[in-house]
There are 2 protein chains.
Amino acid sequence: MTTAKPIIYLSIIEDNQFIRSGWEAILRNVPEFSIVGSFESCEDAFSTTAIEESDVILMDIKLPGISGIEGVRHVHKLHPKIAVIMCSVYDDDTHVFDAICAGAVGYLLKKASSEEIIKAIHDAVNGGSPMTPTIARKVIASFQPKERKSNQIQEELTEREQEVLTKMAQGKSYATIANELSISIDGVRFHIRNIYLKLQVHSRAEAIAEGLKQRIISPPR
Amino acid sequence: MTTAKPIIYLSIIEDNQFIRSGWEAILRNVPEFSIVGSFESCEDAFSTTAIEESDVILMDIKLPGISGIEGVRHVHKLHPKIAVIMCSVYDDDTHVFDAICAGAVGYLLKKASSEEIIKAIHDAVNGGSPMTPTIARKVIASFQPKERKSNQIQEELTEREQEVLTKMAQGKSYATIANELSISIDGVRFHIRNIYLKLQVHSRAEAIAEGLKQRIISPPR
DNA sequence: GCAACACCTGCATACTCATGTAGGAGAGTT
DNA sequence: AACTCTCCTACATGAGTATGCAGGTGTTGC
């Protein structure tokens, strides 16, 4: 089933020549893989046709010149079908999220074993997103409401207030919200006042921003 | 290294008795696992102390009575440290996101092999988020800008308009935005008018909602 | 040169929102 | 019974926003 597709074309962009040749060696050993290009910078890679011929690109996140992040953005914009797997020694939040937002489909740590790398490439072409469980946790944590730390003075919103805030975030007017909740406009005002107090804001947009930041409300799908 | 932790306590909540006993059989074979409870409904589980004694809970998403989603929410609220792994036959978006938002740390399909289940449990206790690459792709896709379909009539925002929209989403007033962009308030008005036109909205909050939905702007971290 | 486009300014008006003040009804606690 | 908390109604005022109209500049490309 997974061996139905004949050949997977790969490119590598990685400035450290030892790591690069290590990867090459690993990937050359896999019969259904074909390396179409191996570069030490995005500049080099983009000046050839290797990129557009690839199914999957392994890209270092830290590159001289055009960074890995900018590199993914570029590739993803021009060739959305190409799966870029980001590789890094870091697993800190910022890099991961930047890479994902820029269009990377997966995120591997360089300490990954050869089996993991090979599996990651297969996952990537099969429409999956290879990443370590630790990184996956960071990603899904960003969906979940933040833990209220015990020392946090932040007051919690009541259920009703959360309802109102959700509708506010959908861009509904006082009148609409009042209607949908079957209360008066002044009732809506009352709740919004309290929301502003608790979130320490003074406008609807700030409330939405704060609500999203504190994950009281979840971003629309 | 991974065997440093002595015993992992598990609970199972799954209404299909065949699957449940299948899981039990698999997990009993692992020396460092200890099953503290196995239930066919959340109601049953929550009436005992098994849940609070668990490190990891395997929970079916579709349960009679209290659903798996509500179940995770409940467990996560009371015991944030317990890792709940959602199990389902479906891998459609809604269920996955609902589960994640409710506090699940991982999401497995029922067709997972015993090795995958065992690895998932280990990942979960080690702070990872076990999930299939396909599910991971769905999750990370939700971070990336939507693909503009060719048939989409939707006009694109200019760079300047995106800047303005971003600042609007941060709750900044016309005056503040004008200041930060070093243009007049009327300049800001001009851009916002165009944003509303292109997004087909009539208020700031709607614009933010639409911008997030279309991933023109990204949710704050 | 002229059209198309992104960008910017200015002014006017009606509408929505933020905020203060003041009160009442019901549930749950001590 | 007094207290607290959530939920709701009401009215008033100033600030901020939405939208219409009318223009001006600079760049790109035919």
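Per chain, numbering begins at 1; letters A, B, ... match sequence-line order.
- Residues passing the salt bridge (charged side-chain N to carboxylate O under 4.0 Å, His left out) test with B:Asp44: none are found, sequence neighbours excluded.
- For B:Arg73, the side-chain contact (heavy atoms from CB on, under 4.5 Å) partners are B:Ile69, B:Ala102, not counting sequence neighbours.
- In this model, no donor atom of one side chain and acceptor atom of the other lie less than 3.5 Å apart for A:Thr49 and A:Glu52.
- A:Lys62 pairs by the salt bridge (charged side-chain N to carboxylate O under 4.0 Å, His left out) definition with nothing, not counting sequence neighbours.
- Along DNA chain C, the nucleotide nearest B:Gly187 and the nucleotide nearest A:Tyr174 are compared for position; the residue whose nucleotide lies closer to the 5' end is B:Gly187.
- Taking a heavy-atom distance under 4.0 Å as the criterion, the stretch of DNA chain C touched by chain A extends 5' to 3' from C:dC17 to C:dT21.
- In this structure A:Ser218 satisfies the side-chain hydrogen bond (donor to acceptor under 3.5 Å, both in side chains) test with no other residue, sequence neighbours excluded.
- By the salt bridge (charged side-chain N to carboxylate O under 4.0 Å, His left out) test, B:Glu43 pairs with no residue at all, sequence neighbours left out.
- Taking every nucleotide of DNA chain D with any atom under 4.0 Å from a non-hydrogen atom of chain B, the first and last of them, 5' to 3', are D:dT17 to D:dC21.
- Applying the side-chain contact (heavy atoms from CB on, under 4.5 Å) rule to B:Ser21 yields no partners; only residues at least two apart in sequence or on another chain are considered.
- Applying the salt bridge (charged side-chain N to carboxylate O under 4.0 Å, His left out) rule to B:Glu53 yields no partners; only residues at least two apart in sequence or on another chain are considered.
- By the side-chain contact (heavy atoms from CB on, under 4.5 Å) test, A:Ser182 is found to be paired with no residue, residues two or more places apart in sequence or in another chain being considered.
- Using five terminal pairs a side, the axes of the helix from C:dG1-D:dC30 to C:dT30-D:dA1 at its two ends make an angle of 50°, given in steps of 10 degrees.
- If you find the closest nucleotide of DNA chain D to B:Phe190 and to B:Ala205, the one lying nearer the 5' end belongs to B:Ala205.
- Applying the side-chain contact (heavy atoms from CB on, under 4.5 Å) criterion to A:Ala175, with sequence neighbours excluded, gives A:Ser173, A:Ile185.
- In this structure, B:Arg193 reaches the bases: a heavy-atom distance under 4.0 Å links it to at least one base atom across the strands shown.
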